[in-house]
Amino acid sequence: QVQLRDAGGALAQAGGSLRLSCEASGGTFNTYTIAWFRQAPGKEREFVAAIRSSGGRKYYADSVKGRFSISGDKNSNALFLEMTTLKPGDTAVYFCAVGRPILSAMSTESMYYYWGQGTQVTVSS
């Protein structure tokens with residue numbers, strides 16, 4: 001049984017930093033893409049970032065480019081999202097996800113199979 005456990009969400013000040021983690025168990029994901037999505041109250045779930053396990057290529061939403069960094073640790077099946085220069089607009093529940101999206105659809109939610117339970121990030125001004 002594949003399980004994803006995301007964690008690290010907290011209350012932060014604008015301009016501050018947080019580090020989210022996602023621990024995967026029940027399988028190996030060397031041929032998968034692992035991603036972060038987020039959902040703010042009253043809004044649709046949106047893509048944040050992704051990394052392809054095979055080649056390590058990374059993708060970011062325009063809203064977080066230059067501020068967030070996604071990385072993975074193959075040895076521990078862990079995924080991380082380093083968030084810096086946080087803004088109140090980053091407030092959302094963040095979810096890690098695993099799937100096999102085609103290259104042209106890295107941000108397509110339906111192409112991800114497994115999801116974490118979500119971790120709350122709140123950024124105050």
Side-chain angles (χ1 to χ4, degrees):
Q1 178 178 282
V2 174
Q3 291 185 313
L4 302 180
R5 299 182 180 90
D6 38 28
L11 174 65
Q13 291 182 276
S17 302
L18 286 174
R19 183 175 186 255
L20 305 184
S21 64
C22 176
E23 303 289 338
S25 62
T28 57
F29 306 95
N30 292 332
T31 62
Y32 287 74
T33 295
I34 310 179
W36 288 96
F37 288 78
R38 68 185 183 186
Q39 186 168 22
K43 296 186 177 181
E44 299 291 325
R45 186 175 295 178
E46 65 176 348
F47 172 80
V48 176
I51 181 169
R52 292 171 63 85
S53 296
S54 58
R57 186 169 180 177
K58 301 174 182 179
Y59 304 82
Y60 295 95
D62 289 342
S63 60
V64 305
K65 285 181 179 178
R67 300 189 299 118
F68 291 9
S69 179
I70 189 170
S71 62
D73 184 343
K74 295 287 186 67
N75 293 329
S76 61
N77 279 340
L79 176 72
F80 303 97
L81 185 68
E82 300 281 355
M83 305 186 294
T84 64
T85 320
L86 285 164
K87 303 175 180 180
D90 295 321
T91 295
V93 177
Y94 285 69
F95 302 86
C96 62
V98 174
R100 285 177 171 170
I102 59 175
L103 190 61
S104 61
M106 294 295 292
S107 63
T108 301
E109 182 179 341
S110 63
M111 291 193 174
Y112 292 84
Y113 317 141
Y114 310 111
W115 294 80
Q117 79 282 0
T119 184
Q120 176 71 51
V121 171
T122 302
V123 183
S124 64
S125 59

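Residues: numbered from 1 along the sequence shown.
Taking hydrophobic clusters as Ile, Leu, Val, Met, Phe, Trp and Tyr residues chained together by side-chain heavy-atom distances below 4.5 Å, L103 shares a cluster with Y112. In terms of hydrophobic clustering, with Ile, Leu, Val, Met, Phe, Trp and Tyr side chains grouped at heavy-atom distances under 4.5 Å, M83 and V48 are assigned to a common cluster. Linking Ile, Leu, Val, Met, Phe, Trp and Tyr residues whenever their side-chain heavy atoms come within less than 4.5 Å leaves V2 and W115 in two separate clusters. Both I34 and W36 are part of a single hydrophobic cluster, where members link through side-chain heavy atoms under 4.5 Å apart. By the rule that hydrophobic residues join a cluster once side-chain heavy atoms approach within less than 4.5 Å of another member, F80 and Y114 end up as members of separate clusters.
A distance of 6.0 Å separates OG of S71 from NZ of K58, quoted to the nearest 0.5 Å.
For the ring-ring contact (aromatic ring centres under 6.0 Å, His included) condition, the pairs that include at least one residue of residues 38-64, sequence neighbours left out, are F37-F47.
Scanning all heavy atoms of the two residues, the minimum distance from T91 to Q120 falls at CG2-NE2, 4.1 Å. Residues F95 and G116 share a closest heavy-atom pair of CD2-O, 3.6 Å. Scanning both residues, M106 and A50, for their nearest heavy atoms gives CE-CB, 4.1 Å. Summarising the geometry of A40 relative to A92, their closest heavy-atom pair is N-CB, 3.8 Å, with the distance given to 0.1 Å. Minimum interatomic distance between S63 and R38 (heavy atoms only, all atoms of both residues): OG-NH2, 3.5 Å. Here the shortest heavy-atom pairing between M111 and P101 reads SD-CA, 3.6 Å.
Around the NZ atom of K87, the shell of radius 6.0 Å holds no more than 12 heavy atoms that belong to other residues, nucleotides or ligands.
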For residues 3-21, tabulate all N or O donor-acceptor pairs below 3.5 Å that involve a side-chain atom, not counting sequence neighbours.
unit_1: Q3; atom_1: OE1; unit_2: R5; atom_2: NH2; d: 2.6
unit_1: R5; atom_1: NH1; unit_2: S25; atom_2: OG; d: 3.4
unit_1: D6; atom_1: OD1; unit_2: Q117; atom_2: N; d: 3.3
unit_1: D6; atom_1: OD1; unit_2: Q117; atom_2: NE2; d: 3.1
unit_1: D6; atom_1: OD1; unit_2: G118; atom_2: N; d: 2.9
unit_1: D6; atom_1: OD2; unit_2: C96; atom_2: N; d: 3.2
unit_1: D6; atom_1: OD2; unit_2: G118; atom_2: N; d: 3.3
unit_1: R19; atom_1: NE; unit_2: E82; atom_2: OE2; d: 2.6

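With sequence neighbours excluded, no residue forms a side-chain hydrogen bond (donor to acceptor under 3.5 Å, both in side chains) with K43. Judged as a side-chain hydrogen bond (donor to acceptor under 3.5 Å, both in side chains), and not counting sequence neighbours, Q39 has no contacts. For T31, the side-chain hydrogen bond (donor to acceptor under 3.5 Å, both in side chains) partners two or more places apart in sequence, or in a different chain, are R100. Listed by chain and number, the residues in a salt bridge (charged side-chain N to carboxylate O under 4.0 Å, His left out) with R57 amount to none (sequence neighbours excluded).
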